[in-house]
Q: 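Starting off with a structure, shown below.
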There are 2 protein chains.
Amino acid sequence: MSTKATTHATTPQFDELDRRIVAALVENARASFNEIGAAVGLSGTAVKRRVDRMRADGVITGFTATVRPSALGWGTEAYVEVYCDGAAPPRRLAEVVRNHPEIVAAMTVTGGADALLHVRAASVQHFEEVLERIRAEPFVRRTVSSLVLSDLLAPGGEHAAAPGTDRAARGGGAALLR
Amino acid sequence: MSTKATTHATTPQFDELDRRIVAALVENARASFNEIGAAVGLSGTAVKRRVDRMRADGVITGFTATVRPSALGWGTEAYVEVYCDGAAPPRRLAEVVRNHPEIVAAMTVTGGADALLHVRAASVQHFEEVLERIRAEPFVRRTVSSLVLSDLLAPGGEHAAAPGTDRAARGGGAALLR
DNA sequence: GCTGAAAGGGTGACAAA
DNA sequence: TTTGTCACCCTTTCAGC
């Protein structure tokens, strides 16, 4: 609470216009700058300049297509809590995690487990094989798996593929961009 | 294993070219059709037709910008296991989940918990407030939270905002598109 | 799936507020 | 400092093949 009276702490130069531009791009990353400009009340050129700045600032990290994993044959999804022997160094954990392409997200967490993995596989059989590989890793002591039964936000099974993304512009960008 | 000798069961008409086009779009959703065509050995027109078909088939569900939530002031992330009273109907759970914009993903799962929620908040204080709101919902009996400490796949905190997405084109799209 | 042509978007330089 | 206009070139899009 030093320079501005915004509702959240954000990047210094990030105004309402930027917020609406990001919202438009989250909703449709292939929209033209002119289209976005018309929606937010700016010229296409001005929109492009702001987008370039936000990319340089690391606010926007990229543009990606969202796909339905089930359409690609990846119909099985699970979350796996990992319990490690002794103090598991996050640095080492990260290396291990990178060796299994089926792990689509992984993080260290508070609570009983040391890490939480988000895994996608082609089938339950495939998932079992992945789990065996993970449990065979040096300092993994125990795992607790939860298979995903149904998505409560996108019942159709609409999911995607991109660096660490989740949801946002559903019904108008309620989540991250209010 | 009926018509083709592909490695996984996928949508009927989905070949190697489609796979590479999707991979290109996941890596950069704003790439031009000509660029993609040059990369996969097709004309831009042919690429567009395939993309249009895949959108119609629901393989590609959209295009979105990926952002760093922390840059937008959403620096706190947690997973919340929800235990319900009696048989919690997924239909009702979905309604509840939609009332809290901080819930960026939610699913029913196997194991002890009935549902798993992925929550993003501006701060630990904000998260606590969200948790109180969730626990006040009618048939929520108990919750178990795990605060995310660090991302093991994108250490920089690079995350995103889009309908149900996660990772894929990191270092060449190892995950969903091998 | 390719080619060609018309419409429209991306991008940089320049001037103005 | 940020925006708008303009000009150039590339992309998109839709024929017809």
Side-chain angles (χ1 to χ4, degrees), chain A residues 2-6 8-67 71-72 162 169 177, chain B residues 3-6 10-68 71-73 160 162 169 177:
Chain A
S2 56
T3 54
K4 273 171 139 192
T6 48
H8 297 301
T10 58
T11 315
Q13 301 96 327
F14 188 86
D15 62 15
E16 178 65 17
L17 245 28
D18 288 326
R19 214 207 83 256
R20 292 174 63 192
I21 290 170
V22 171
L25 283 170
V26 164
E27 197 171 346
N28 176 18
R30 283 185 81 87
S32 76
F33 293 140
N34 283 340
E35 271 181 285
I36 297 169
V40 307
L42 232 50
S43 74
T45 317
V47 172
K48 181 200 185 294
R49 275 195 288 251
R50 281 169 177 261
V51 170
D52 286 345
R53 175 174 51 71
M54 288 190 280
R55 291 199 52 150
D57 290 353
V59 174
I60 295 173
T61 57
F63 304 99
T64 187
T66 57
V67 303
L72 294 171
L177 299 164
Chain B
T3 55
K4 273 174 148 191
T6 49
T10 59
T11 315
Q13 302 96 330
F14 189 86
D15 62 15
E16 178 65 17
L17 245 28
D18 288 326
R19 214 206 85 256
R20 293 174 62 192
I21 291 170
V22 171
L25 283 170
V26 164
E27 197 172 345
N28 176 17
R30 283 185 82 86
S32 76
F33 292 139
N34 283 342
E35 268 181 285
I36 298 170
V40 307
L42 233 51
S43 74
T45 317
V47 173
K48 180 196 186 296
R49 269 204 290 259
R50 281 169 179 261
V51 171
D52 287 345
R53 175 175 50 71
M54 288 191 280
R55 290 198 53 147
D57 290 353
V59 174
I60 296 173
T61 57
F63 304 99
T64 187
T66 57
V67 304
R68 230 171 4 102
L72 295 170
L177 300 164

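Just so you know, these numbers come straight off a predicted model, no measurement behind them. Numbers restart at 1 for each chain; the letters A, B, ... are given by sequence-line order, proteins then strands.
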Q: Write down the atom of A:A71, the atom of B:G58, and the distance for their closest heavy-atom approach.
A: CB-O, 4.5 Å
Q: Which heavy atom of A:V26 sits nearest a heavy atom of B:T64, and at what distance?
A: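 Closest approach of A:V26 to B:T64, heavy atoms only: O-OG1, 2.6 Å.
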Q: Search all heavy atoms of A:F63 against all heavy atoms of A:A29 and return the closest pair with its distance.
A: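 In terms of heavy atoms, the two residues are closest at CD2-CB, 3.9 Å.
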Q: Can you measure A:L17 atom CG to D:dT3 atom P for me and round it to whole angstrom units?
A: 7 Å
Q: Send over the distance from B:I36 CD1 to D:dT13 P, rounded to a whole Å.
A: 12 Å
Q: Could you check whether any side-chain heavy atom of B:L42 comes within less than 4.5 Å of a side-chain heavy atom of B:R49, counting everything from C-beta outward?
A: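 Not touching, per the 4.5 Å side-chain cut-off.
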Q: I'd like to check B:V59 versus B:R50 (side-chain heavy atoms, cut-off strictly below 4.5 Å). Are they in contact?
A: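 Side chain of B:V59 against side chain of B:R50, heavy atoms only: no contact under 4.5 Å found.
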Q: Indicate the atoms forming the closest heavy-atom contact of B:F14 with A:L72, along with that distance.
A: CZ-CD2, 3.3 Å
Q: With 3.5 Å as the limit, what N/O pairs link the protein to nucleotides 4-11 of chain D?
A:
from, atom 1, to, atom 2, distance (Å)
D:dG4, OP2, A:S43, N, 2.9
D:dG4, OP2, A:S43, OG, 3.0
D:dG4, N7, A:R49, NH2, 3.1
D:dG4, O6, A:R49, NH1, 3.2

Q: Roughly, in whole Å, what's the span from CD1 in A:I21 to C1' in D:dT3?
A: 12 Å
Q: Is there a donor-acceptor pair under 3.5 Å between the side chain of A:R20 and the backbone N or O of A:D15?
A: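 No, because the side chain of A:R20 does not come within donor-acceptor range (under 3.5 Å) of the backbone of A:D15.
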Q: Nearest whole Å is fine: how far is D:dT2 P from A:D52 CG?
A: 13 Å
Q: Report yes or no: does A:T61 contribute a side-chain atom to a donor-acceptor pair with the main-chain N or O of B:R68 at less than 3.5 Å?
A: no
Q: Under 4.0 Å from a heavy atom of chain B: give me the 5'-most and 3'-most nucleotides of DNA chain C that qualify.
A: C:dG1 to C:dG10
Q: How long is the line joining CG of A:N28 and P of D:dT12, in whole Å?
A: 13 Å
